[in-house]
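Working notes, structure below.
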Amino acid sequence: MKTLLVGVGGMTNGGKSTLSMSLHQQIPNSCLIAQDSYFKDDSVVPVDSNGFKQYDTLDALHMDTMMCEVASWRRDPLSFMRQRALNPEHTASSADEEVYVLIVEGFLIFNHRPLNELFYKRYFMEIPYDVCKTRRSSRVYTPPDPPGYFDGHVWPMYLKARQEIESMVSGIVFLDGLKPKEELLAAVCKDVCQEIERLRAKLCQLNLTKRL
């Protein structure tokens, strides 16, 4: 058995959740963990000097809890799947040759070094400022974005996070979020599936060597 961790990051409203969910539906024996599920309660999220809640920082997230979930999957992906009512598929000639995939998506997944170090494949969705702002304004958040929040907090924090990624992370494939969803999915799915086949061939060769 082999495991493969795939990271899908990017800016707010860049299309990372859509891509990740579609990828999860396409790839057998995959699970999906979303960083947005680990936000702390609004009451403990710090406020900056402008009165803006600092949601776009790692301190606003229960990263320890998220890392525990990832560790749980790494220990036993089969049990992890079954606990979430996901049915494992037999895609290899034997159980020993199965490859299990964990897709982790979120806006700061590559900025958290302990998590970033686990990824074998990294994808980053990006869209222009004006498109991002328009998409953000059309969505309803709880709590709602206050006036000026995008320009005063969201976008500056994205630029800061992006700069940090460029200085500490290598091997990221940057994706144009304006391209058709089907085209993006096809490209990423092909890339991940090629890696799955490479890992499966390695397992097959290892098992063959053991039998000799």
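Source: prediction; values computed, not measured.
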Cluster link Met157 to Val154, ILVMFWY, side chain under 4.5 Å: no
Validation row: Ile127, Met11 side chains within 4.5 angstrom (heavy atoms): yes
Between Tyr141 and Tyr149, ring centroids under 6.0 Å: no
Side-chain heavy-atom pair Val192, Tyr123 within 4.5 angstrom cut-off: yes
Contact list for residues 139-162, test salt bridge (charged side-chain N to carboxylate O under 4.0 Å, His left out), sequence neighbours left out: Glu126-Arg162, Lys133-Asp151, Arg136-Asp145, Arg162-Glu166
OG-CD1 distance between Ser20 and Ile33, expressed to the nearest 0.5 angstrom: 11.5 Å
Minimal non-hydrogen separation, Gln35 against Leu108, with atom names: OE1-N, 2.8 Å
All pairs passing salt bridge (charged side-chain N to carboxylate O under 4.0 Å, His left out) where residues 45-62 contributes a residue, at least two apart: Asp42-Lys53
Matching residue for Ser30 among Gln25, His24, Glu89 - test: side-chain hydrogen bond (donor to acceptor under 3.5 Å, both in side chains): His24
Leu19 backbone acceptor or donor facing Ser22 side chain under 3.5 Å: no
N/O donor-acceptor pair under 3.5 Å between Asp176 side chain and Leu178 backbone: yes
Partner residues of Asp64 under the side chain to side chain contact (heavy atoms under 4.5 Å, CB included) criterion, sequence neighbours left out: none
Short side-chain to backbone donor-acceptor contact, Lys16 and Gly106, under 3.5 Å: no
Parallel, tilted or perpendicular: ring planes of Phe119 versus Phe110, cut at 30 and 60 degrees: perpendicular
Separation between CD1 of Ile196 and CG of Asn29, rounded to the nearest 0.5 Å: 8.5 Å
Close side-chain approach of Met168 to Arg113, heavy-atom, < 4.5 Å: yes
Side chain Thr57, main chain Gln54, donor-acceptor under 3.5 Å: yes
Beyond-backbone contact of Cys31 with Val101, side-chain heavy atoms, under 4.5 angstrom: no
Side chain to side chain, Leu175 and Lys179, heavy atoms closer than 4.5 Å: no
Pairing of Glu69 and Arg84 as salt bridge, 4.0 angstrom limit: yes
Side-chain donor-acceptor contact under 3.5 Å, Asn116 with Arg122: yes
Glu105 side chain reached by Met21 side chain, heavy atoms, under 4.5 Å: no
Taking every non-hydrogen atom, the tightest pair across Lys40 and Leu61: CE-O, 3.4 Å
Donor-acceptor contact below 3.5 Å, side chain Ser72 vs main chain Cys68: no
Taking every non-hydrogen atom, the tightest pair across Ile27 and Cys189: CG1-SG, 4.3 Å
Check: Met1 and Val99 side chains under 4.5 Å, non-hydrogen atoms: no
Closest non-hydrogen atom pair between Gly152 and Phe52, with its separation: CA-CE1, 3.8 Å
Min side-chain heavy-atom separation Ile172-Val169 under 4.5 Å: yes
Sidechain-backbone polar pair: Asn111 side chain, Ala161 backbone, donor-acceptor under 3.5 Å: yes
Rounded distance (nearest 0.5 Å) linking atom SG of Cys132 with atom CZ of Arg135: 8.0 Å
Option from Phe107, Phe39, Tyr38 for which ring-ring contact (aromatic ring centres under 6.0 Å, His included) with Tyr55 holds: Phe39
Heavy-atom pair of closest approach, residues Leu118 and Met67: CD1-CE, 4.1 Å
